[in-house]
Amino acid sequence: MTATDRPSPPVRASNFKKDAFMARGERVFRIASAPDFKAIPAVITLVDDCTGEETTETIEGVIRGVSGDLPPVFAPTRKALQAKMLEHCPTPRTAPANAQDLTTPRENARMQKGLIERVDASLAFLARQAVQDGKKFKKGEALDALLAAETPVIVSSTYYKYRQRVHRTCGNEDEMAGEMVRSDRGHSRTTDPQQHLIDTVIMNYYARRDVHMNTNLLWNTMNTLWERTGRRWIDPRKCEGQAVPADVVYEFLDHRLPMDAILSVPSKAALLSPVKRPSRGWLYQYVPVLETNPEVGEEMMDRRYGKGTWDRTRRVFDHFADRAELPGQYVFADHWKVHVYIVDKDSRTIRLTLWLTMLFDACLRAPIGYSLNVRDPCIESILDALRSAIWFAVWSKDKLKALGLEGMIPYIGLIQQLFVDNALEFKSDSLAYAGRALACPDATHPKGRYNTMDIVFRPPYNGRYGALIENHFKKFAALCDAYLRGAQRGREHTTHALRNACLLYEDIDDFILRLMVDHWHKEHPALGMSPFDKWAETMTWVPEIPPYEEVAHLFWRKATETRQIHAGKGVMAFGLTYASGDANKALRLDLDGTPMEYSYSYEEDNIGCLTMSHQGITPFQVETTSSKFRDATGALKRISASEWETSKRISRERGGDPTDYLGRANEMNERNTARAKEQTRIQSARRKEKAGLQPDDDIEVAPISTPSTPIPSRTDILATFGRPTRG
Amino acid sequence: MTTETTVMVPERAPMVPETMATQGTLPVQTTLVDDHLDMFARLDLLQRWEDEYQADDARLLARVDHLGTSAVDEQKGRQIMDMRQRLLLRLVRSPLDIDPDSIAQIGYEALRRIYVEQFARMTKDQRLAWLANFYFVLTPDLRALNRKLATILQYRSPGQQRNLLLGGESGMGKSTYADWLAAVVFPPTVEEKRNRIPLVKTDAPASQLSARMLLQNIVQAFGATYAERDKEGRLLNKIATNAQKCRNIVQWFDEIENVRSQELRRRFIELSNVLRGVTMVCASCHPYKFIEGDVELQGRWNDYFELKPYTVDKDGSDRLAGLLVFMELLLPFTSDANLSYRQIETGPKKKDVAPGPATLIDELTRGNLNKIMILLVEASRRAIIDGLPCLSQDVLRATWDDLKSATPPNIRALLR
């Protein structure tokens with residue numbers, strides 16, 4: 001804000017005291033006599049402090065001042081007036097931490113103009129003062145002193161440069177800003193012909209399906225082309241608003257066509273402009289940008305060279321999956337509804353379908369992890385699958401051992417890029433946070449000890465981006481149809497499938513695991529070998545992965561709300577109290593005394609334990625202090641969030657002890673089990689009765705006296721069945 | 001390079017007309033497609049023919065402007081109209097022709113490279129002008145027809161009248177071939193005492209009431225006039241006289257399917273008797289209907305030739321592929337479009353294939369030569385204007401969609 005922009009200080013009657021000083025514009029006055037405010041008009045006698053000239057003015061004229069002048073400033077003494085003037089003309093703001101804020105041209109122009117006005121006014125004032133005191137005014141010294149007081153300090157040459165600019169533009173800030181902007185502002189570092197040359201080479205040679213060209217070779221190709229065309233290339237600006245003629249481009253690329261033949265056509269030669277060879281480093285940075293984000297590449301090419309350019313040439317980066325060189329480099333995640341009806345383990349009457357969330361490696365062409373759930377795809381599904389992929393050998397060790405498949409599926413280490421679709425469950429903080437935090441940053445390794453995982457979202461309505469995994473699901477579907485009873489082979493067969501359903505969750509889980517193992521050890525046509533052999537060929541080192549215990553909390557659901565740590569109590573969540581030794585040591589108050597807000601993560605299936613975290617503080621765990629969550633030995637019992645919420649609701653409805661949620665939940669779970677068994681037995685008995693056989697004698701049907709409410713089963717499947725997930 | 005092809009015919013010809021007697025072949029002038037083909041010289045030639053056509057056409061139009069309203073003037077007006085129509089074929093007086101031996105010796109790829117270098121030197125306008133070559137293409141079928149016609153002409157003798165039935169679906173080039181013969185191979189010439197008209201082309205009248213219109217048309221085709229009061233006998237005499245004066249050797253009747261009544265068909269036998277030594281060619285989509293049920297007609301029109309569609313034959317040979325390879329060799333593009341491919345690979349696996357350009361062209365045109373030529377020429381024009389390196393399936397399909405919504409396609413109108 002400049003001095004002129006600053007609101008003028010209110011003028012009061014007390015300002016007009018005798019022998020007080022007043023500064024107006026560049027002149028300083030001494031008030032010779034106090035005005036008579038009762039007189040109309042009230043007049044005042046002023047003496048010019050520099051020349052001693054005496055003038056009489058009306059009060060109103062003094063207050064209004066001359067148009068364009070600074071508002072009058074009053075002070076009892078000359079020294080106070082000088083100080084007040086400096087205060088009135090503010091010093092520039094301190095340089096912001098972010099240098100970009102200051103480098104905005106318009107802001108810079110305003111700052112320069114303000115500085116010049118301020119310093120010039122001060123110089124004039126000091127000059128007059130020196131004349132009055134009968135001293136010789138040394139402008140250079142005064143200027144240096146004034147500039148030294150500026151923040152940041154500027155030198156006199158800079159002052160003169162600014163002053164020249166202000167005078168040249170008559171103080172017009174827009175013009176000043178315009179002068180400060182580079183002519184190539186907003187432009188790429190490369191020229192248009194350079195850009196077109198690079199794009200042409202990329203689109204025609206890089207990452208084609210039939211060949212595999214690395215960036216180094218790409219640069220060499222571009223270099224050869226550049227030399228062939230006589231260090232010139234097509235300038236899109238010369239195409240008069242039309243698209244760059246593709247026929248000319250192809251002629252340049254055809255090495256068998258002599259250049260003189262092409263350039264004998266004047267219209268083609270006229271398109272060329274001399275270009276500087278693009279730097280190798282720049283190309284190395286540019287290619288991955290397009291590679292990792294195909295949609296951006298398409299948009300960029302179409303914008304630059306006309307709609308359809310991308311489609312006309314090969315869809316280069318659609319095949320980037322073929323370019324995967326290492327396991328874990330590109331991994332695709334997706335969900336698939338297993339079209340097989342299963343039954344619940346207890347009653348064997350409730351029909352369910354499962355959702356399979358799978359991670360598929362592009363290099364190995366094999367699934368590397370999965371998660372099988374009754375619930376619809378949600379954050380936990382993908383986190384479970386991710387956990388399974390990274391620590392598959394650890395996570396599924398017991399299961400593999402039981403099936404005799406130990407060591408059949410290797411682990412590939414951390415994932416570099418995880419490609420997911422645009423489903424809501426993928427756009428979660430938990431997944432993004434897990435991707436970043438898998439690097440395990442600490443004080444000695446601020447960037448992390450391991451690589452981070454990038455989450456790449458597939459563009460909507462572009463099915464081809466997930467072709468690999470979709471194709472795999474199709475294969476799974478065919479095998480399910482072939483092997484599993486209860487498989488739904490089409491809409492018209494739903495009734496048939498429902499009637500045939502008999503398999504349990506475990507059966508499907510084992511089946512999928514076996515399919516995975518089969519896939520790993522069967523020759524893949526695209527690889528020419530089995531994925532396991534490919535893994536053995538590419539993995540010449542042992543991949544490093546963080547210990548699971550250290551990062552286990554990353555795979556928990558991150559709560560949207562935050563919690564504070566209360567002294568002597570701990571953390572409150574889910575209506576429970578959590579505490580631990582770490583919680584006691586953790587900071588509770590911020591530097592300004594406000595309570596610190598901790599974000600927390602929890603396992604959906606076990607809310608007995610939470611992980612608390614705050615920016616810059618190592619995450620720590622807290623456990624619930626509730627005795628209802630502990631068994632007789634003091635160990636934590638696994639109780640899911642939905643179970644806990646349900647038990648609370650039931651307690652409220654039945655009017656029991658509202659705090660004894662767990663007891664009710666346990667009671668109802670027992671009842672559920674008993675009732676399901678009863679149902680099975682009754683159904684069995686009725687079937688036998690119909691068949692003319694003797695029913696079992698030990699059937700006992702206990703009457704239910706309590707009001708019936710929709711009670712969920714205690715099994716994992718039914719516990720998570722109604723959990724809210726994606727919309 | 002301009003040469004005269006030699007159509008081999010037996011040398012025993014007792015009564016050959018003057019032209020055939022001196023040369024023993026059909027005087028077909030073609031330009032061989034070989035490694036010596038100078039495209040820029042060819043472009044100059046095309047330009048010269050174009051200029052000559054413009055001058056001739058302007059001259060004929062000037063004559064029309066001076067015609068009055070009398071019956072004779074009206075007949076002359078019609079003659080001029082026919083003449084102008086045939087003049088179009090003189091735009092390509094020497095169509096591009098392939099020498100199989102030469103191709104076998106050089107190889108397609110090498111030949112294509114030679115041509116591509118020349119195409120690269122062409123401007124857009126020159127490439128567009130090059131498309132005029134496809135105004136009339138001497139296909140293998142037409143070459144065979146040339147031979148057949150030459151053979152029939154050589155075998156003429158007293159008592160051995162041989163006439164030809166020419167069949168083929170609409171758009172396979174029957175009428176164009178007849179016009180080309182009349183305008184380029186057997187061009188009418190004006191001499192001091194007479195006009196030479198070796199080939200007379202007449203459209204069979206749709207009316208079945210009388211043979212007068214047919215006879216009047218023939219008289220007109222000789223450049224003569226008739227009076228309305230002239231009866232059929234007199235008209236026949238006029239035809240016989242003019243045929244001899246004009247050294248006529250071929251009478252070409254187009255759209256012969258129009259002749260349905262028995263009475264009119266018998267007139268053709270009468271004509272055949274009058275025009276001794278003149279070969280009569282009757283062309284139509286289904287010309288055998290003309291001789292159906294008449295033993296005498298069947299005896300006179302005892303030669304048959306059919307222009308078949310360019311598609312896959314019953315024996316499995318792909319006729320379309322051959323035509324497309326030929327076209328691609330000569331289309332003024334520097335990149336290959338692989339027009340003759342029925343399938344194109346889309347991936348590394350065997351099953352990764354998609355329909356190729358040949359399949360698309362086959363599907364769109366059903367092997368109709370006129371449609372194929374229109375499609376290729378118009379798509380090429382579009383690709384050249386848009387600066388595309390070669391024809392693509394997208395361009396072909398877009399062109400076809402435009403053509404379908406346009407007026408009925410006609411290669412001549414399109415090229416003009």
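Reminder, nothing fancy here: chain letters follow the sequence lines and each chain counts from 1. What you see is a predicted model, and the numbers here were worked out from it, not measured in a lab.
- The candidate from B:Gln126, B:Met122, B:Gln118, B:Lys124 with the greatest count of non-hydrogen atom pairs under 4.5 Å with chain A is B:Met122.
- Atom CZ of residue B:Arg121 and atom CG of residue A:Leu257 lie 9.5 Å apart, to the nearest 0.5 angstrom.
- Heavy atoms closer than 4.5 Å to chain A are found in the side chain of B:Ser335, but not in its backbone.
- Note: B:Gly387 leads B:Gly387, B:Ser392, B:Ala383 in heavy-atom pairs under 4.5 Å with chain A.
- No option in B:Ile385, B:Leu375, B:Thr399, B:Leu331 other than B:Leu331 meets the side-chain contact (heavy atoms from CB on, under 4.5 Å) test with B:Ser380.
- Proximity of the aromatic rings of A:Phe360 and A:Phe332 is defined here by a centroid distance below 6.0 angstrom, and this criterion is not met.
- With chain B as the partner, the residue from A:Pro258, A:Ser267, A:Pro266 showing the most heavy-atom pairs under 4.5 Å is A:Pro258.
- Proximity of a side-chain donor or acceptor of A:Lys534 to a complementary backbone N or O of A:Met529 within less than 3.5 Å is not detected.
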